[in-house]
Novice: 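Encoded as structure tokens, here's the structure I'll be asking about.
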Amino acid sequence: MNKIMYFLRMRSVVLIIVLLALIAVGLCVKSSFLSILITMITYCIYALAYDLLLGYANQPSLGQSLFFGLGAYGMVLPIIYWHFGFWGSLGVALVVGAAGGLLVGFVAVRLTEAYHVIFTAVIASVMLLLANNYTPITGGSGGLSFQVAPFFSGWIKLTVYSIAANYFLVLAFGVAVFLLLTRLVSSPLGKVWVAIRENEQRVVSLGYNVYWYKLAAFVAASMLTALAGALYVISLRYVSADCFDFQWSVLPFVWVLIGGIGTLIGPIIGVVLFTLFQFYVSDWWSHYLILFGVLILVILRWAPQGIMGYYENIRTNKILKGGGEHAS
Amino acid sequence: MHGSLETLYFLLFDGFIWGLIIALIALGLSLIFGIMGIINMAHGDIFMIGGVLTVVLVARIGNLWPLLIIIPLIVGISALPVERWILRPYEGKPLTTMIATIGISFIIEEITLIFFGGAAHMVHEPTTFTVHLLGINYPGYNIIAGLVSMICILLLWSGLRLTKIGVYIRATIEEPEMADAIGINTGQIRSLTFAAGASLAAFGGVLAAPIHQVSYLMGQDVILFCFIVVIVGGLGNLMGTLVAAVFLSAVQEGLSLVFTPVNSNVIILLLMALILVIKPKGMFSS
Amino acid sequence: MLLDIKDIHVYYDKSYILRGVSLKIEKGEIGCLFGRNGAGKTTTLKTIMGLVNPRQGEIFYDGKDITGLRPYQRARGGIGFIPQDKLLFKKMTVYENLLTGSKGQNHGQTWDMVLELFPDLREKLSRKAGSLSGGQQQMLAIARALLINPDLLILDEPSIGLMPIMISSLAEVITKLNGVGITVLLVEEKIPFALRLAHRIYVMDVGKIVYQGMAGSIDENELLSHYLGVNQR
Ligand SMILES: Nc1ncnc2c1ncn2[C@@H]1O[C@H](COP(=O)(O)OP(=O)(O)OP(=O)(O)O)[C@@H](O)[C@H]1O
Ligand SMILES: [Mg+2]
């Protein structure tokens, strides 16, 4: 047990160091690197939301681009049409994301895995068609650009046109989501999700209404995905129908897969590695989708548990040996 | 509006013919799921390869008809190693197979883009006659395409009913473990089914080339519609898939009289959602 | 020695189910395996068929190590299996079910012999297997297994849910098959029925063989009170 406590403490120390480093980077480093970090942190929120859904509540959605796009447009349209401020439109984006999650989840949550995957993918694809079609509202694939008025957060007046301010804004949301999820997965609600993942029948027979628990996870993930979408377009000051693209449904899976499903650190590792890959390789070769495809197949074959999976295996082996316990 | 009834008939008929071609693709999708538990996201791209190869080869040999045999054969044989060496370990895991086949789909589309380019092509109809039907001159090729699809579906159906391999395939769909335990080489059956499913999609691609624009992205709309079809018809339920393909395609065409194509897609989608609310395993599940 | 299982250990995920099972059946014998619910009888049979793989131990069939073979290879090698559940392809006809069992020919000698053994089935060839009565389904499963010309027939609780009259005709069939040289491994709950047939008896509990002996070495009461009774443990 001591060893486990030791590792837990180690983990918080590492996290605090990482956070301090990120703050220091924001204060010292110049723009181009910061914008990669902004992207990464936004993706981390997205990846964590997906991990909550797949890794904890065991729902293999392949239509997350729907909520990402809803968050993006939920953020932008109020700004453009009704001149909402930052917080107002962020509120709209979250509500729209959650409402979308509720509607889709209402049908999707009771489906078996195969139907669930296809259903969510189909819904998201049709949404892409719609967004591409209703160009007067969405701007289609040409997109819309917009201005974000400076806004107050606490006492400080922020403008996203300063890259450092943009960075700290996104970082704050990233940290908040991480902490929220850390609490959530160890809460009673999170325990039920894990129990559902491990053995759904058992949870049903214990008298839980599994449907509501799963729906709750679905809605929570949709809302956080919408948050990621909103932050993404705010940092770009540009939105287009491509936010609904199918790739946005595949990416979260790939992030979580690389890092390791069902852990909170795994998705972050996955995002960092994959974003670097994407950034450099897509720069170097315009047909990088081929490599993306190959990468998916390679990861599935040789590292299906992700990097955290390997780490956990090594770690549990060490703890078991160190503690002198026997595997039974 | 004068003649709108004729237009409706025409559209319904057109939808029916297109539905038969869609059925070929969707049946392959459904069969592959039924036997192997693979949700094949690259299925639309196999259809696309059928179309692209048709464009390329028609320019060479100047005739469409022999391609109906050659191309499905090539595609079916190339599908074998993909199933055996890439997909086999994930069979029975819907999400994983879906992700793996998405990877394959990216690779196929990008490679086609490199060699075939991004522009859309069209193959000339091999026949020029028209049929006077319900007050409209209907292109003869479409009717031939519909008939050929129908024959193909009938052959598939009788193959599954009347041949020994067909019995093995159905046994493997129903109880894979049991089938193995009584002496059926289910690994072989899987490979065969995957190849057959891919051939069906490629066959659909050849048939559709003179009707549908051929480009490296042509699989994407089709796969979307096919997924709606197999969900409504029931995954692995071949009869349901066939009925849903023809029915939904006709409905979609009919709707296009009043709505834009995208809006009729949305209506079809809502229909699908409604069916899933009532019957979570497809329209024809018990 | 037709079947020789050497110390197999089987896990379902992390749960340790078979904890070193060894079991032998001589050519021409009827072996019976008893045990409480959940003792691991079905798991043992599935391991013989290759539907479950042991983490440790070997299975020899007719002197050859078959531990690494796929189920269909074992079936074609002469092991006929009649499982406990999912007995038949219920959506397919009786004829098609039989066809899945016969490797090549749907006429031949075996085909005729089997239909002679189960005359009931001959009239129902075009019926859906799922529409047959429990007894007929059991017979169909046996018939299908016979079509691969097995040397060893493995039956997992074939008497379950059958009426007494069907049970005695089942016993008759098993005796008849054994008479023509087919070795039988039978898992049973109905002890008197099985004891009448058995040449060799095994009892297992919690994944281990706890008793073995020849017919007559133990009687029903002893078996019940020592190994299978609810008052025990
Ligand atoms: N697929 C499985 N996954 C996990 N555990 C299983 C599985 N199948 C069986 N078990 C467990 O393995 C143990 C042995 O099961 P098995 O079916 O072999 O028993 P059995 O002796 O045939 O019992 P019965 O008389 O009920 O048929 C039981 O505790 C059962 O719960
Ligand atoms: Mg049993």
Side-chain angles (χ1 to χ4, degrees), chain B residues 27 30-31 33-37 83-85 88-89 91-93 156-193 233-243 281-282 284-286, chain C residues 42 45-53 69-107 110 126 128-130 137 140-150 153-156:
Chain B
L27 281 173
S30 204
L31 198 60
F33 179 82
I35 286 270
M36 292 174 272
E83 186 272 337
R84 184 64 191 81
W85 301 113
R88 187 67 66 87
E91 287 172 11
K93 300 176 195 157
L156 178 71
W157 186 83
S158 42
L160 284 173
R161 289 282 141 186
L162 306 177
T163 69
K164 192 140 187 167
I165 297 282
V167 170
Y168 288 174
I169 289 178
R170 280 159 54 222
T172 310
I173 293 184
E174 203 179 324
E175 298 288 351
E177 207 179 58
M178 194 56 232
D180 204 340
I182 60 166
I184 296 176
N185 184 349
T186 51
Q188 224 167 49
I189 294 292
R190 277 158 217 261
S191 301
L192 188 77
T193 310
L235 277 166
N237 178 343
L238 300 183
M239 204 55 188
T241 303
L242 177 60
V243 173
K281 295 210 158 173
F284 304 103
S285 61
S286 45
Chain C
T42 298
L45 300 189
K46 283 189 170 176
T47 315
I48 299 173
M49 281 318 294
L51 295 170
V52 177
N53 288 316
L69 296 187
R70 306 255 312 125
Y72 80 92
Q73 292 169 316
R74 302 183 196 209
R76 291 183 186 179
I79 309 182
F81 182 44
I82 290 101
Q84 184 173 10
D85 47 6
K86 298 188 178 157
L87 201 58
L88 296 170
F89 306 111
K90 290 207 167 75
K91 292 182 199 157
M92 305 190 349
T93 63
V94 171
Y95 175 75
E96 287 168 340
N97 266 278
L98 290 173
L99 214 52
T100 57
S102 66
K103 260 180 304 184
Q105 66 299 14
N106 57 358
H107 294 294
T110 327
S126 57
K128 284 263 182 317
Q137 292 196 13
L140 175 54
I142 296 175
R144 187 182 59 188
L146 287 177
L147 283 172
I148 56 166
N149 275 319
L153 203 57
I154 297 179
L155 299 105
D156 197 352

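Here the structure is a predicted model, which means the values were calculated and not measured. Throughout, a chain's letter reflects where its sequence line sits, starting with A, and its residues are numbered from 1.
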Novice: Is it the backbone or the side chain of C/Met92 that comes under 4.5 Å from a heavy atom of chain B, or both, or neither?
Specialist: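 Both backbone and side chain.
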Novice: Where is the tightest heavy-atom contact between C/Ala75 and B/Ala181, given as atom of each residue plus distance?
Specialist: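 Looking at all heavy atoms of both residues, the closest pair is CB-O, 3.4 Å.
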Novice: How long is the gap from CG on C/Leu88 to CD on B/Glu175, to the nearest 0.5 Å?
Specialist: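 Reported value, rounded in 0.5 Å steps: 9.5 Å.
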Novice: Give me the atom names and distance for the closest heavy-atom approach of B/Met178 to C/Pro83.
Specialist: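 Shortest heavy-atom contact: SD-CG, 3.4 Å.
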Novice: Quick check on C/Lys46 against chain B: is it the side chain, the backbone, both or neither that has a heavy atom closer than 4.5 Å?
Specialist: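 Just the side chain, heavy atoms under 4.5 Å.
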Novice: With a 4.5 Å limit on heavy-atom distance, are the side chains of C/Arg76 and B/Asn185 in contact?
Specialist: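 They are in side-chain contact.
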Novice: Rounded to the nearest 0.5 Å, what separation is found between the CD1 atom of B/Ile184 and the OH atom of C/Tyr72?
Specialist: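 So the gap between those two atoms works out to 12.0 Å.
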Novice: Looking at B/Ile173, B/Thr186, B/Asp180, B/Val167, which makes the most heavy-atom pairs under 4.5 Å with chain C?
Specialist: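 Result: the option with the highest number of such pairs is B/Asp180.
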Novice: Nearest 0.5 angstrom please: C/Lys91 NZ to B/Glu174 CD, how far?
Specialist: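 Reported to 0.5 Å precision, the distance equals 5.0 Å.
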Novice: Hey, could you give me the OG1/CZ distance between C/Thr93 and B/Arg170, rounded to the nearest 0.5 Å?
Specialist: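 Reported to 0.5 Å precision, the distance equals 7.0 Å.
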Novice: First locate atom CZ of C/Phe89, then atom CD1 of B/Ile182, and finally report the distance between them rounded to the nearest 0.5 Å.
Specialist: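 If we round to the nearest 0.5 Å, C/Phe89:CZ and B/Ile182:CD1 are 4.0 Å apart.
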Novice: Report which part of C/Ile82 has an atom under 4.5 Å of a heavy atom belonging to chain B: side chain, backbone, both, or neither.
Specialist: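 Contact with chain B involves no heavy atom of C/Ile82 at all.
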